[in-house]
Amino acid sequence: MTGPQSNIVHVIGAGLAGSEAAWQVARSGVRVVLHEMRPTRMTEAHRTDGLAELVCSNSFRSDDAANNAVGLLHAEMRRLGSLIIHAADANQVPAGGALAVDRDGFSAAVTKALNEHPLIEIARGEVAGLPPADWSNVIVATGPLTSAPLAEAIRELTDEGALAFFDAIAPIVHRESIDMSVAWFQSRYDKVGPGGNGADYINCPMTKEQYDGFVAALIAGEKTEFKEWETNTPYFDGCLPIEVMAERGPETLRHGPMKPVGLTNPHDPTTKAYAIVQLRQDNKLGTLYNIVGFQTKLKYGEQQRIFRTIPGLEKAEFARLGGLHRNTFLNSPKLLDTQLRLRAQPRLRFAGQMTGCEGYVESASVGLIAGLYAAADVRGEQLASPPGTTALGSLLGHITGGHIETIEPGTRSFQPMNINFGLFPPLASAPTKKPDGSRLRGNGKTVAKKQAMSARALADLDRWIADHLNIAAAA
Ligand SMILES: Cc1cc2nc3c(=O)[nH]c(=O)nc-3n(C[C@H](O)[C@H](O)[C@H](O)COP(=O)(O)OP(=O)(O)OC[C@H]3O[C@@H](n4cnc5c(N)ncnc54)[C@H](O)[C@@H]3O)c2cc1C
């Protein structure tokens, strides 16, 4: 493509995020070059040269916009003219309440739409390092398996610890599902760290019998195997899976993440716990807590079964489960501004899983907003961020600032996250009554809360679209 580079957006990577970003840029009337390295170079997981290839499952998860956060994100993306959701809708296969697709039909539809758009040029070839200096408006959407030369160049631009090559994810629990008649708030030795108040952790006590049973369950629990290409990536610096620690000896965890020192159980102050599991606040809202040091390769079902044996977590609801796999992503809350631009080099904007979201839909949604931001830049405008009450806005909030750094210095704690209601700001007043005036109880309350959050999100998104975008919201 010839012409002044300042009028062109370059998108690197035509996966879920890059394809959506390119579509949104072009839809805004701005020219775009979409760079994709396949088929010249493949990632370890992609198999085709199709754009927006789904590397694993064919599901975009729940399509229930009223009760499920990812379903709500689908609805928001439909209102914003998403190519990815449109192609998914057009290539649906039956999957109950989920939006699942025929993967080949889906990828072919995305490829066709991008190929046929007059403002989009598709350039096949790897961007093997930092983009040329005259590319003034770039979206990097190269995904969890970004090719090595580009990943290395980005790492040099940031700093040693700012670009991760591995997820070592500890499970994250919804705060309201923790039984505080068993657990309690306290920091070890009541230490007040930066931003803390001396009672920053939730502690769950264990007796010797409970601890021994827990260690045995970790060792016996079914694990996910590493893929062959993952075994070559180093991950052992300070993020050993909890079951590997358990295998090293029965006392290892009691001297590691489960040490019982510096903590007193206010529910039973005279009894010393044999081991203590700690949970640390994970988002500014205080709605999510991660289980400290519990990164794991246990299968998801096993994690729920075993972690619910921890006193206080019997009814734990998990916002995400633990894991360990190859994933290239930025420490975005530090490195990116609210417009997803790299602070160190603002011509580079990031999108997709590299920003620290997780999942096909989330990656595409971050591509969508990155495309709108980039197109606004070309017009010399700045697009206001979507409201934090929307699914898109709350996900962006998590990526660019909502996550809190750990209160002990040194450990990097930002981890990729699926959209979930824990990322949304609480309602000004939670519903307490049904439409017939009777009181809501138990699960009914949770359902009503989610529905109220979803309704608030869609109303706020429609207002934002009317105020800031030159398109009509499609219901
Ligand atoms: C093995 C694996 C399985 C996963 N399974 C699921 C799942 O089942 N469900 C789910 O919701 N999420 C899954 N994910 C997580 C995530 O949702 C997907 O990886 C998703 O595709 C991320 O979207 P993206 O656009 O950020 O990256 P991608 O869709 O991976 O797109 C990145 C694109 O950039 C290209 N590229 C890379 N480097 C360069 C370069 N230097 N120059 C030019 N092009 C480049 C790649 O070829 C690719 O096409 C999985 C991730 C992995 C790694």
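Please read all numbers here as calculations on a predicted model, not as lab measurements. In listed order, ligands and their atoms are each counted from 1.
Nearest to atom 33 (C) of ligand 1 by heavy atom, out of R38, E36, M42, is E36. Considering only non-hydrogen atoms, atom 30 (O) of ligand 1 lies nearest to H46 out of Q353, H46, R61, H35. The heavy atom nearest to atom 38 (N) of ligand 1, considering only G367, S147, A52, is found in S147. Residue nearest to atom 32 (C) of ligand 1, selected from N418, D49, T142: T142 (by heavy-atom distance).
Listed by number with element, the atoms of ligand 1 under 4.0 Å from a non-hydrogen atom of A17 are 25 (O). In summary, the atoms of ligand 1 found under 4.0 Å from a heavy atom of I12, numbered by their order in the structure, are 42 (N), 43 (C). Counting atoms of ligand 1 from 1 in the listed order, those under 4.0 Å from a heavy atom of G352 are 26 (O). Residue A141 has at least one heavy-atom neighbour below 4.0 Å for each of these atoms of ligand 1: 32 (C), 33 (C), 34 (O). Against a heavy-atom cut-off of under 4.0 Å, T43 is close to the following atoms of ligand 1: 46 (C), 47 (O). Heavy-atom contacts of G15 reach the following atoms of ligand 1: 25 (O), 28 (P), 29 (O), 31 (O), 33 (C), 49 (O) (cutoff under 4.0 Å). Close approach of ligand 1 to L150 is summarised as follows: ligand atoms under 4.0 Å from at least one heavy atom of the residue are 41 (N).
Between A128 and ligand 1, no N or O atom pair is found at a separation short of 3.5 Å. The N/O atoms of Y360, backbone and side chain alike, include one that comes under 3.5 Å of an N/O atom in ligand 1. Geometrically, ligand 1 and V127 share a nitrogen or oxygen pair separated by less than 3.5 Å. Residue contacts with ligand 1: S57 is placed with a nitrogen or oxygen under 3.5 Å of a nitrogen or oxygen of the ligand (distance criterion only).
A salt bridge links R155 with E152: at least one charged nitrogen is closer than 4.0 Å to a carboxylate oxygen. Using a cutoff of 4.0 Å between basic side-chain nitrogens and carboxylate oxygens, E362 and R61 are scored as salt-bridged. The pair R78-D63 meets the salt-bridge criterion, since a charged nitrogen lies less than 4.0 angstrom from a carboxylate oxygen. Under 4.0 Å is where a charged nitrogen must lie from a carboxylate oxygen, and between E126 and R41 at least one such pair does.
Annotation: side chain of I291 is not in contact with side chain of I242 (no heavy-atom distance under 4.5 Å). Residues L396 and T355 have side chains not in contact (no heavy-atom distance under 4.5 Å, counting atoms from C-beta outward).
Ring planes of F60 and F106: perpendicular class, angle over 60° (limits at 30 and 60°). Using the six-membered ring where Trp is involved, W23 and H117 have ring planes that are perpendicular, over 60° apart on the 30 and 60° scheme.
Applying the 6.0 Å contact sphere to NZ of K223 captures more than 12 heavy atoms from other residues, nucleotides or ligands.
Using modelled atom types, no side-chain atom of E243 and backbone atom of T296 make a donor-acceptor pair closer than 3.5 Å.
Under 4.0 angstrom from ligand 1, the non-hydrogen atoms of L16 come from both its backbone and its side chain.
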